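What follows is a set of notes on a single structure, which appears directly below.
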Amino acid sequence: MPRKEIIYRDRDRYRMGVKKLRSLIEEQAPKAIKNTEFKALEGRIIAVDTSNNLYQFLTAIGTENGSSLMNSIGETTSHLQGTFYRTIKFMSNGIKPVFVFDGAPPTLKSGELAKRSAKKKEAKENLDEAKETGTTEDVAKFSKRTTSATRKQNEECIKLLTLMGIPVVRAPCEAEAQCAELVKGGKAWASGSEDMDSLAFGTKILLRNLTASDQKKNPLWEFDHEKLLYGTGFTHDQFIDLCILLGCDYCESIRGIGPVRAFELMQKHKSIEEVVKHLDPTKYPVPVPFPFDEAREPIQEPTCHPCR
DNA sequence: CGTGTCC
DNA sequence: TCCTCTGTCTCAAGACACG
DNA sequence: TGAGACCGAGGAT
């Protein structure tokens, strides 16, 4: 029991803010969100963030028995199947996709990397155990957690898209940042991503659940950056500060400050500097170190190919 | 719409 | 007492055609 | 990996 506590303590401390952001926007700037549909996107150029897509294909397509679809010599083809049909779906709806592939991940803290490899290891152990003693469902479930797209599979998808005449962009770093840059540079109308960080990167429009097959279960949402700022009264830089307070990759957040307090504090004080000045350090001590200023830079000016 | 199939 | 935040668990993750 | 549900601990009122 105590062993488990140690293992789980402080895990997922970073990158928690994104999920809070969705409900925060819904509450504070409801006009920035609207339910839309595929048909409404006809003629639009959309920068599609492909990170996670291959993972979804690999884990969702043909996995009744825990393995993927394969060609005659045993190579996995699920990622190609998924990429192909999704692209067809865009095209037949008159949508012009630009697929943006992830480059190297941004520099993470060593602690973060250690956590990830620990997770991977844990998943592997679970899988091995399931193979020994578990049901086939267990094996399928745990094998999904150990699955990840290989370099080769990424390249295969890029080749497929190129042959289909679909533009592909290789982001030097994070795909969402590159998508936002394409939109800001006028090359695309919207970002298609599941990641709310896209708004912090300044995309004008963010589309979520672009992959939805079932409109009822997974409605397609459109987030409008300008309306978001108008509704909340924030400048873009203030919005970025809010995102940092909610939790980001580059800097720890303040314990006890969640969505509600972070929003109120930013409304009142307009910057993290001022927020910190007005916090009672005995009740809400800031993390040491608390490099929030350094955390702004990779959000305001992320590494990506410039479009302007 | 649920269900099975895609390799 | 109420509100807010944290921690933990759990689950599901595509697209199509056919009936 | 992300999102919803549920819980207990504290500060807020």
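Order of the sequence lines fixes the chain letters, A, B, ..., with proteins taken first and strands second; residue numbering starts at 1 for each chain. Remember, predicted model here, so these are calculated numbers, not experimental data.
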- Message: Of the listed nucleotides (D/dG2, C/dA13, C/dT6), which one gets closest to any side-chain atom of A/Arg208?
- Response: D/dG2

- Message: Does A/Lys96, at its NZ atom, have more than 12 non-hydrogen atoms belonging to other residues, nucleotides or ligands within less than 6.0 Å?
- Response: no

- Message: Is it the case that the side chain of A/Lys283 and the backbone of A/Gly256 share a donor-acceptor pair, with hydrogens and angles ignored and the cut-off at 3.5 Å?
- Response: no

- Query: Would you say C/dG14 has OP1 or OP2 under 4.0 Å from some side-chain N or O of A/Thr211?
  - Reply: yes

- Nearest listed nucleotide, side chain of A/Leu69, among C/dG14, B/dC6, C/dT6: B/dC6

- Task: Report yes or no: is the cationic atom of A/Lys89 (NZ for Lys, CZ for Arg) closer than 6.0 Å to the six-membered ring centre of A/Phe38, at no more than 45° off its axis?
- Result: yes

- Please report, rounded to the nearest Å, how far the P atom of C/dA13 is from the CG atom of A/Asn218. 8 Å

- Considering only heavy atoms from C-beta outward, does the side chain of A/Glu176 approach that of A/Thr203 to under 4.5 Å? no

- Query: Between D/dA12, C/dA13, C/dA15, which nucleotide gets closest to the side-chain atoms of A/Lys283?
  - Reply: D/dA12

- Item | P spacing across the pair C/dA13 / B/dG4, given as an integer number of angstrom | 16 Å

- How are the rings of A/Phe239 and A/His225 set relative to one another: parallel (under 30°), tilted (30 to 60°) or perpendicular (over 60°)? perpendicular

- Distance test, side-chain N/O of A/Lys89 to OP1/OP2 of C/dG14, below 4.0 Å: no

- Task: Find the distance A/Glu194:CD to D/dT1:P and express it as a whole number of Å.
- Result: 15 Å

- Query: Has A/Arg86 got a side-chain N or O lying under 4.0 Å from the OP1 or OP2 atom of C/dA15?
  - Reply: yes

- Task: List, by chain and then residue number, the residues other than A/Met70 in its hydrophobic cluster (Ile/Leu/Val/Met/Phe/Trp/Tyr, side-chain heavy atoms under 4.5 Å); write none if there are no others.
- Result: none

- Message: Just to be sure I understand the rule, does A/Tyr284 reach a base, reach only the sugar-phosphate, or reach nothing, if contact means heavy atoms closer than 4.0 Å?
- Response: sugar-phosphate

- Query: Among C/dT4, C/dC16, B/dC7, which nucleotide sits nearest the side chain of A/Arg261?
  - Reply: C/dT4

- Rounded to whole angstrom units, what separation is found between the OH atom of A/Tyr85 and the P atom of B/dT5? 16 Å

Do any N or O atoms of the protein come closer than 3.5 Å to N or O atoms of nucleotides 17-19 of chain C, and which pairs are they?
none

- Which nucleotides of DNA chain C pair, in dot-bracket form (Watson-Crick or G-U under 3.5 Å, | meaning another strand): |||||.||||||.||||||

- Task: Determine: side-chain N/O of A/Arg255 to OP1/OP2 of C/dG7, distance under 4.0 Å, yes or no.
- Result: yes

- Using atom P of each nucleotide, how far apart are D/dG2 and C/dC16 to the nearest Å? 26 Å

- Interatomic distance at C1', C/dT10 relative to B/dC7, whole Å: 31 Å

- Message: Taking A/Ile45 as the starting point, is it possible to reach A/Ile205 by hopping between hydrophobic residues whose side chains are less than 4.5 Å apart?
- Response: no

- How would you label the contact of A/Gly256 with the nucleic acid (heavy atoms, under 4.0 Å): base, sugar-phosphate, or nothing? sugar-phosphate

